[in-house]
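For reference, the structure discussed in these notes is given below.
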Amino acid sequence: MTDFSRLVISWFHQNGRDLPWRQTSDPYRIWLSEVIMQQTRVAQGRKYYERFCERFPAINNLAEAHEEEVLEIWQGLGYYSRARNLHAAAKWVMEEKEGVFPDKYEEIIKMKGVGEYTAAAVSSFAFHEDQVVVDGNVLRVFSRIFGIADDIRLPKTRKQIYDYVRNHLPLGESWNYNQSIMELGALICTPSQPNCQNCPVSIFCEARRTNRQASIPFKSKSKERRKRFLNYLLFQVGDEYLFFRRGEKDIWEGLFEPFLLETDRIFSGHEISAAVEKVAPNHEFSAFSFPVEKHILSHQELFVAVWLIKTQGRPEINNGRWVHEKDLAALPKPIIFSKIMGLKKGSTLPLTF
DNA sequence: AAACCGGGGAC
DNA sequence: GTCCCAGGTTT
């Protein structure tokens, strides 16, 4: 153990947060927390962790569930492939590993949705394996400690930091050390205005010595967001609504949405009316528009218009699912629809054209 | 190596 | 508005 690792671990034991997944040694729950927390803040993820633990206390409960229920509980967390992979991995452990959670990095990383970081985290935290755990926090802490000013987005730079961390790993104590560094990044060595006054290892920090905390880590600009225009026809008959499951290789895979018309602009009322007559010919209808909402994803900018279309009798559209009003909340769907459908409906279209 | 996969909150 | 968050998979 070096002075550096001793100081960081000591700081963690005195200042670390009391998070629910730190109170268990169950590898299933540690894995669950790691997947939920991928690219997710603690404030957002912890209620999902509690919800999953309550509904699926053990890995067999998760494996036996329907994917749709897993997606339902995941609703609103984003990156929905995490939920589908989580479920698939649970089934894999039950079917291929006799229900016993793998206890080695080399096996854990074979689970769907588990990459280098998560495999290291689970093997380190649950089984005390000496693995380097490198997440966003660790990259930031060590780029500053070592004064690495290269673009943190480049794999080459990440590999360099990764190698530094591995060479400084306190063997036997790394499970403790890894958590300590991550917590230091979350509470002290923050992206903007790091709290160097209260940092236990500021005397080791190259960025602080050269007063470059604000410029390290350096990150190149991200690409501009693609704009998309989504016009939705929400067909309603009585107290039932028509939804469709989204397919592969796009946002929101596996989630449900109303009938979609994606175009290069938001449709006018007349264009919506014409579209309804094409999609549901010979059905009298009335239409109400919800306010158009802008929805920002990390790499896309969505303009979402929903029109409530009430028809007499069900239009015949392939692969649709009619959902009763009382089941709407449990339907796995992008969070934007919960928001829009809670809004007050606006203009009315003429009944017939 | 780069693109793609969400949603929320801090600034 | 910009950035980032207990990253992973696909191309």
Side-chain angles (χ1 to χ4, degrees), chain A residues 12 16-17 19-22 29-49 71 74-86 88-89 108-122 124-126 131-141 151-159 162 175 178-187 189-194 214 217-226 228 246 248-255 293-302 304 332-339:
Chain A
F12 174 61
R17 291 166 294 181
L19 301 174
W21 45 88
R22 286 186 179 153
R29 295 198 176 200
I30 291 173
W31 163 65
L32 179 62
S33 75
E34 292 302 340
V35 173
I36 287 175
M37 298 313 299
Q38 285 166 8
Q39 294 293 286
T40 303
R41 294 180 181 275
V42 168
Q44 187 188 5
R46 80 184 285 166
K47 57 182 176 295
Y48 286 86
Y49 174 77
L71 283 171
W74 199 271
Q75 205 177 144
L77 240 197
Y79 288 141
Y80 295 93
S81 66
R82 288 186 292 168
R84 288 180 278 107
N85 288 335
L86 190 77
I108 296 170
I109 203 169
K110 292 177 183 170
M111 297 167 73
K112 279 193 177 179
V114 172
E116 208 169 53
Y117 162 78
T118 304
V122 174
S124 175
F125 302 156
Q131 291 285 347
V132 280
V133 176
V134 181
D135 72 334
N137 290 308
V138 178
L139 285 173
R140 187 172 56 254
V141 169
D151 188 354
I152 200 75
R153 217 185 276 280
L154 299 177
K156 182 184 170 190
T157 309
R158 292 176 181 237
K159 190 181 184 317
Y162 192 93
W175 63 279
N178 285 325
Q179 288 196 71
S180 305
I181 296 290
M182 291 168 70
E183 193 76 340
L184 189 70
L187 299 184
C189 196
T190 49
S192 66
Q193 299 194 315
F218 167 74
K219 192 177 243 177
S220 55
K221 294 285 183 208
S222 57
K223 265 187 50 181
E224 242 182 76
R225 276 187 278 262
R226 176 164 68 109
R228 295 175 73 174
R246 282 186 71 88
E248 298 179 31
K249 294 179 180 172
D250 200 354
I251 56 174
W252 303 332
E253 181 184 342
L255 275 60
E293 285 289 305
K294 188 159 88 169
H295 188 58
I296 310 282
L297 308 182
S298 39
H299 54 292
Q300 297 185 19
E301 193 171 337
L302 310 178
V304 183
K333 57 192 175 307
I335 202 69
I336 186 68
F337 291 117
S338 306
K339 187 173 175 184

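Because the structure is a prediction, the values reported are computed rather than measured. Sequence lines set the chain letters: A, B, ... in the order given, protein chains first and strands last, and positions in each chain run from 1. Just so it is clear, the values below take in all heavy atoms, side chains as well, and ignore hydrogens, waters and symmetry mates.
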Notebook entry, point to check: Which residue, A:Ile36, A:Thr40, A:Leu19, forms the side-chain contact (heavy atoms from CB on, under 4.5 Å) with A:Arg46?
Noted result: A:Leu19

Check: Starting at CG of A:Asp250 and ending at C1' of B:dA3, how long is that distance when rounded to a whole Å?
Finding: 13 Å

Next item on the list: Rounded to whole angstrom, note down the P distance from C:dG8 over to B:dG9.
Entry: 24 Å

Check: How would you label the contact of A:Thr118 with the nucleic acid (heavy atoms, under 4.0 Å): base, sugar-phosphate, or nothing?
Finding: sugar-phosphate

Note to self: Need one value for A:Arg158: base, sugar-phosphate or nothing, where a base atom within 4.0 Å counts as base even if backbone is also close, heavy atoms only.
What the structure shows: nothing

Next item on the list: Check every strand shown and say whether A:Ser81 touches a base, only sugar-phosphate, or nothing at a heavy-atom separation below 4.0 Å.
Entry: nothing

Next item on the list: Specify the residue among A:Arg17 and A:Asn85 whose closest nucleotide of DNA chain C lies further upstream toward the 5′ end.
Entry: A:Arg17

Item checked: Over 12 non-hydrogen atoms of neighbours within 6.0 angstrom of NZ in A:Lys47 -> yes

Next item on the list: Remember a base hit wins even if backbone is also touched, and classify A:Gln300 as base, sugar-phosphate or nothing at under 4.0 Å, heavy atoms.
Entry: sugar-phosphate

Item checked: Rounded C1' spacing from C:dC4 to B:dG6 in Å -> 13 Å

Item checked: Exercise: do A:Gln38 and A:Thr118 side chains pair donor with acceptor under 3.5 Å -> yes

Next item on the list: Compare every heavy atom of A:Pro217 with every heavy atom of A:Arg140, then report the nearest pair and how far apart it is.
Entry: CG-CD, 3.6 Å

Next item on the list: Could you tell me whether A:Leu19 contacts a base, only the sugar-phosphate backbone, or nothing, with contacts defined as non-hydrogen atoms closer than 4.0 Å?
Entry: base

Check: When we call it a touch if two heavy atoms are under 4.0 Å apart, what does A:Glu253 touch: a base, just sugar-phosphate, or nothing?
Finding: nothing

Check: First contact, last contact: which nucleotides of DNA chain C are these for chain A, 5' to 3', heavy-atom distance under 4.0 Å?
Finding: C:dC3 to C:dT11

Notebook entry, point to check: Under a 4.0 Å N-O cut-off, is there an ion pair linking A:Arg158 with A:Glu116?
Noted result: no

Margin query: If I pick the P atom on C:dA6 and the same atom on B:dC11, what distance separates them, to the nearest angstrom?
Written below: 14 Å

Next item on the list: Report the relative orientation of the aromatic rings in A:Trp21 and A:Tyr49; use parallel for angles under 30°, tilted for 30 to 60°, perpendicular for over 60°.
Entry: perpendicular

Next item on the list: Mind checking A:Trp252 for me? I need base, sugar-phosphate or nothing, with any heavy atom below 4.0 Å counting as a touch.
Entry: sugar-phosphate

Notebook entry, point to check: With a non-hydrogen cut-off below 4.0 angstrom, is A:Val114 in contact with a base, only sugar-phosphate, or nothing?
Noted result: sugar-phosphate

Notebook entry, point to check: Does a side-chain heavy-atom distance below 4.5 Å link A:Gln75 with A:Lys333?
Noted result: yes

Check: When you match A:Leu154 and A:Gln38 each to their closest nucleotide on DNA chain B, which lands nearer the 5' end?
Finding: A:Leu154

Next item on the list: Between A:Pro155 and A:Ile336, just flag the one whose closest nucleotide in DNA chain B comes earlier from the 5' side.
Entry: A:Pro155

Notebook entry, point to check: Which part of the nucleic acid does A:Lys221 contact within heavy-atom distance under 4.0 Å: base, sugar-phosphate only, or nothing?
Noted result: sugar-phosphate

Note to self: Does B:dA3 have OP1 or OP2 under 4.0 Å away from a side-chain N or O of A:His299?
What the structure shows: no

